[in-house]
Amino acid sequence: MSKRNITGVKTGDTNAKKTKHWSLGLLESMKDSNSVVKSTDKLVVIRDKYPKAKIHYLVLPQDDITNIYKLNKAHINLLEEFGNIYKQLQEEETYSLKAGFHAVPSMFRLHMHIISKDMISPCLKTKIHWNSFTTAFFLPYEDVLKEIKLNGSVKKVSHEQHKALMATELQCNQCSYKPKNMPQLKEHLLSHS
DNA sequence: GTTCTAGAAC
DNA sequence: GTTCTAGAAC
């Protein structure tokens, strides 16, 4: 029996092959000049490899911060720089953007999504994709900053809450339309553009 | 996070 | 019969 640890190194395997685990993919993208949009001494902006809207960037710190649950009051300056980049990108862009974090991120290194509200993309495929940007699973940048300033940390979402949010029935983010399935939602989104 | 695909839903 | 979703991935 062979298991795979988080570093992507197969263990219990006689000729263990070194392969990068998918959850570390953002660290690779940060070093890839084709992905990087801009960078400063504190942060890097990359294009999301599988964009879920016409515009979809990720903002990551240069420092090795695992996720939002590692944030504290010492990171307020960093978060404010995240906000400045968000403002800057919005000024450069005609599409309306929103910025925020996933309550339960799948990949390592803290990352803030900056995504346009159209949600039109071939990479948007599942209910989970939809609900991670359109329910309370998406923690708006402003809310996270406020929470850090007030409490010094982000409150964790319970497993039950997480499950409930992902199971939320499909609901258009721009009107009251409730599609029966993903293809119907994707078709409907085109009518808003 | 994605890909693949079995079986549910239609 | 086709479309769509959801769970495994060694």
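Labels below follow one simple rule: chain letters A, B, ... track the order of the sequence lines, proteins then strands, and each chain is numbered from 1. None of the values given here were measured: they were computed from a predicted structure.
Sorted by residue number, the members of residues 171-182 of chain A with any non-hydrogen atom under 4.0 Å from DNA chain C read A:N181, A:M182.
Distance CD/A:E91 to CG/A:L97: 11.0 Å, rounded to 0.5 Å.
Residues in residues 114-133 of chain A take part in these side chain to side chain donor-acceptor pair (under 3.5 Å) pairs, two or more places apart or across chains: A:S96-A:K117, A:S116-A:D118, A:T126-A:H129, A:W130-A:T134. Contacts classified as side chain to side chain donor-acceptor pair (under 3.5 Å) and involving residues 38-47 of chain A (residues at least two apart or in different chains) are given here: A:K38-A:E92. Screening residues 165-183 of chain A for side chain to side chain donor-acceptor pair (under 3.5 Å) gives A:E169-A:K178, A:Y177-A:Q184 as the qualifying pairs, with residues at least two apart or on separate chains.
A cation-pi arrangement is absent between A:K54 and A:Y95, since the terminal nitrogen or guanidinium carbon is not both under 6.0 Å from the aromatic centre and inside a 45° cone about the axis.
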- Both distances under 3.5 Å, Watson-Crick or G-U wobble: on that basis, could you give the dot-bracket string for DNA chain C, with [ ] for crossing pairs and | for other-strand partners? |||||||||.
- Task: Summarise how protein sits on nucleotides 1-10 of chain B as a single string, 5' to 3': B when a protein heavy atom is under 4.0 Å from the base, S for sugar-phosphate-only contact, - for no contact.
- Result: BSS-------
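More than 12 non-hydrogen atoms from other residues, nucleotides or ligands lie less than 6.0 angstrom from NZ of A:K186.
Close placement of the A:H102 and A:F137 rings is indicated, their centers lying within 6.0 Å of each other. With ring centers used as reference points, A:F133 lies under 6.0 Å from A:H56.
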- Message: Quick one, A:W22 with A:M107, criterion side-chain contact (heavy atoms from CB on, under 4.5 Å). Give me CA distance, side-chain angles, the key distance, then yes/no.
- Response: CA-CA 8 Å; A:W22 58 263; A:M107 301 181 88; 4.2 Å; yes
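With respect to the salt-bridge test (charged N to carboxylate O, under 4.0 angstrom), the residues A:R109 and A:E28 do not qualify.
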